[in-house]
Amino acid sequence: MFAYPALLRDNKEGGFIVSFRDVPEAITEIWSMEELQDTAVDALVTVLEMYFEKNRVFPEPSKPKKNEVMVALPLIVVAKMLLLNVMVSSNIRACDLARKMHIKPQEVNRIIDLQHNTKIDTIDSAMKALGKNLQLTVV
């Protein structure tokens, strides 16, 4: 599971500012701890989209430090992030992946769209087309 360490600071108005040292661009505000997971994931996904628009690899999470809380990304987002990181680091464009998978470029665009619901098997097929294996583990 990919969980990013987050630091919560008092916003002086009854809520918290949430920031991530691994992803400094991801900053959000919450008013209760119940909002933490959903709001923080939204902030991380928004920045993840920006990284890939700029053709940058998204950083993997580091180990938490004292006073940090962990924010877990959904499994499908992690799988897409790993696929996009492979594409960026290998300088593979969506049209290149489409050719390797023998599908239309529009289909690849849906696969890598973080907002589109994609089957994990489809992401696995994309990884295989790039010479990689997607693995899940139970810990």
Side-chain angles (χ1 to χ4, degrees):
M1 172 169 60
F2 270 59
Y4 284 82
L7 181 62
L8 278 62
R9 293 186 322 267
D10 186 346
N11 71 356
K12 311 274 191 236
E13 297 175 5
F16 300 93
I17 303 294
V18 182
S19 61
F20 301 87
R21 78 184 134 79
D22 296 320
V23 188
E25 301 90 342
I27 300 172
T28 192
E29 187 172 38
I30 60 171
W31 296 97
S32 70
M33 291 307 291
E34 290 77 29
E35 296 177 26
L36 175 63
Q37 184 65 31
D38 289 341
T39 303
V41 165
D42 285 345
L44 285 169
V45 169
T46 298
V47 173
L48 176 57
E49 290 170 336
M50 291 175 12
Y51 267 62
F52 293 116
E53 285 174 11
K54 294 180 180 180
N55 208 34
R56 293 175 55 199
V57 170
F58 196 74
E60 292 190 12
S62 58
K63 295 190 185 289
K65 293 182 179 177
K66 191 175 179 179
N67 299 326
E68 290 179 322
V69 296
M70 301 305 286
V71 175
L73 287 176
L75 181 60
I76 196 68
V77 172
V78 172
K80 288 185 179 204
M81 178 192 73
L82 294 172
L83 174 60
L84 288 164
N85 276 351
V86 169
M87 291 174 67
V88 168
S89 63
S90 301
N91 201 26
I92 300 287
R93 299 170 299 163
C95 61
D96 300 327
L97 180 55
R99 232 181 343 273
K100 290 175 181 288
M101 293 180 72
H102 308 290
I103 62 176
K104 296 177 184 173
Q106 299 91 320
E107 293 178 58
V108 171
N109 288 335
R110 285 192 294 272
I111 293 169
I112 61 176
D113 181 347
L114 294 171
Q115 304 304 322
H116 187 270
N117 192 14
T118 306
K119 292 180 181 177
I120 197 79
D121 290 343
T122 304
I123 298 170
D124 183 49
S125 295
M127 286 290 206
K128 284 183 173 125
L130 297 174
K132 301 290 183 182
N133 289 309
L134 182 62
Q135 296 181 352
L136 303 175
T137 59
V138 178
V139 291

Would you name the heavy atoms of Q115 and E49 that are closest together and state the gap between them? NE2-OE2, 2.8 Å
If you apply the rule side-chain contact (heavy atoms from CB on, under 4.5 Å), what do you find for F20 with V47, and how did you get there? CA-CA 11 Å; F20 301 87; V47 173; over 6 Å; no
Could you walk me through whether R99 and R93 satisfy the side-chain contact (heavy atoms from CB on, under 4.5 Å) test, starting with their C-alpha distance in whole Å, then the side-chain angles of each, then the deciding distance to 0.1 Å, before giving a yes or no? CA-CA 10 Å; R99 232 181 343 273; R93 299 170 299 163; 4.2 Å; yes
Could you check whether any side-chain N or O of Q37 sits under 3.5 Å from a backbone N or O of A72, counting only pairs where one atom can act as donor and the other as acceptor? yes
Rounded to the nearest 0.5 Å, what's the gap from CD on E34 to OG1 on T39? Could you check? 11.0 Å
What's the spacing between M81 CE and L114 CG if we round to 0.5 Å? 10.0 Å
Side chains of L136 and L75: closer than 4.5 Å at any heavy-atom pair? yes
If two hydrophobic side chains count as joined below 4.5 Å and joins carry through other members, does Y51 share a cluster with V45? yes
Just how far is it from atom OG1 of T46 to atom CD1 of I27, taken to the nearest 0.5 Å? 12.5 Å
Where do V86 and S89 come nearest, in terms of heavy atoms and distance? O-OG, 3.3 Å
Path from V69 to L7 over hydrophobic side-chain contacts below 4.5 Å: no
Would you say S19 and R9 make side-chain contact, with heavy atoms under 4.5 Å? yes
Between T122 and E107, is any pair of side-chain heavy atoms under 4.5 Å apart? no
Quick check: are there more than 12 heavy atoms from other residues, nucleotides or ligands sitting under 6.0 Å from CG of D10? yes
Do the rings of F58 and F52 sit parallel, tilted or perpendicular, given the 30° and 60° boundaries? tilted
Hydrophobic cluster membership, with links at side-chain heavy-atom distances under 4.5 Å among I/L/V/M/F/W/Y: are V71 and I76 in one? yes
Grab the two heavy atoms, one from M70 and one from P64, that are nearest each other, plus how far apart they are. SD-CB, 3.4 Å
If you take all heavy atoms of L97 and A129, which pair is closest and at what distance? CD1-CB, 4.0 Å
How long is the gap from CE on M101 to CG on L130, to the nearest 0.5 Å? 8.5 Å
As a quick check of understanding, evaluate side-chain contact (heavy atoms from CB on, under 4.5 Å) for L82 and M127, giving each step before the final call. CA-CA 9 Å; L82 294 172; M127 286 290 206; 3.7 Å; yes
Exercise: identify the closest heavy-atom pair between V23 and P59: CG2-CG, 4.0 Å
Residues P61 and A3: closest non-hydrogen pair is CB-O, 3.1 Å
Look at the side-chain heavy atoms of Ile, Leu, Val, Met, Phe, Trp and Tyr, link any pair under 4.5 Å apart, and say whether I120 and L48 land in one connected group. yes
Is there a salt bridge (Lys or Arg N to Asp or Glu O under 4.0 Å) between D96 and K100 once you walk through the steps? CA-CA 6 Å; D96 300 327; K100 290 175 181 288; over 6 Å; no
Check whether L84 and V57 end up in the same hydrophobic cluster, where Ile, Leu, Val, Met, Phe, Trp and Tyr are linked by side-chain heavy atoms less than 4.5 Å apart. yes
Rounded to the nearest 0.5 Å, how far apart are CD1 of I112 and CE of M87? 4.5 Å
Please walk me through it: do I103 and I111 pass side-chain contact (heavy atoms from CB on, under 4.5 Å)? CA-CA 11 Å; I103 62 176; I111 293 169; 4.0 Å; yes
How long is the gap from CG on D22 to NZ on K63, to the nearest 0.5 Å? 12.0 Å
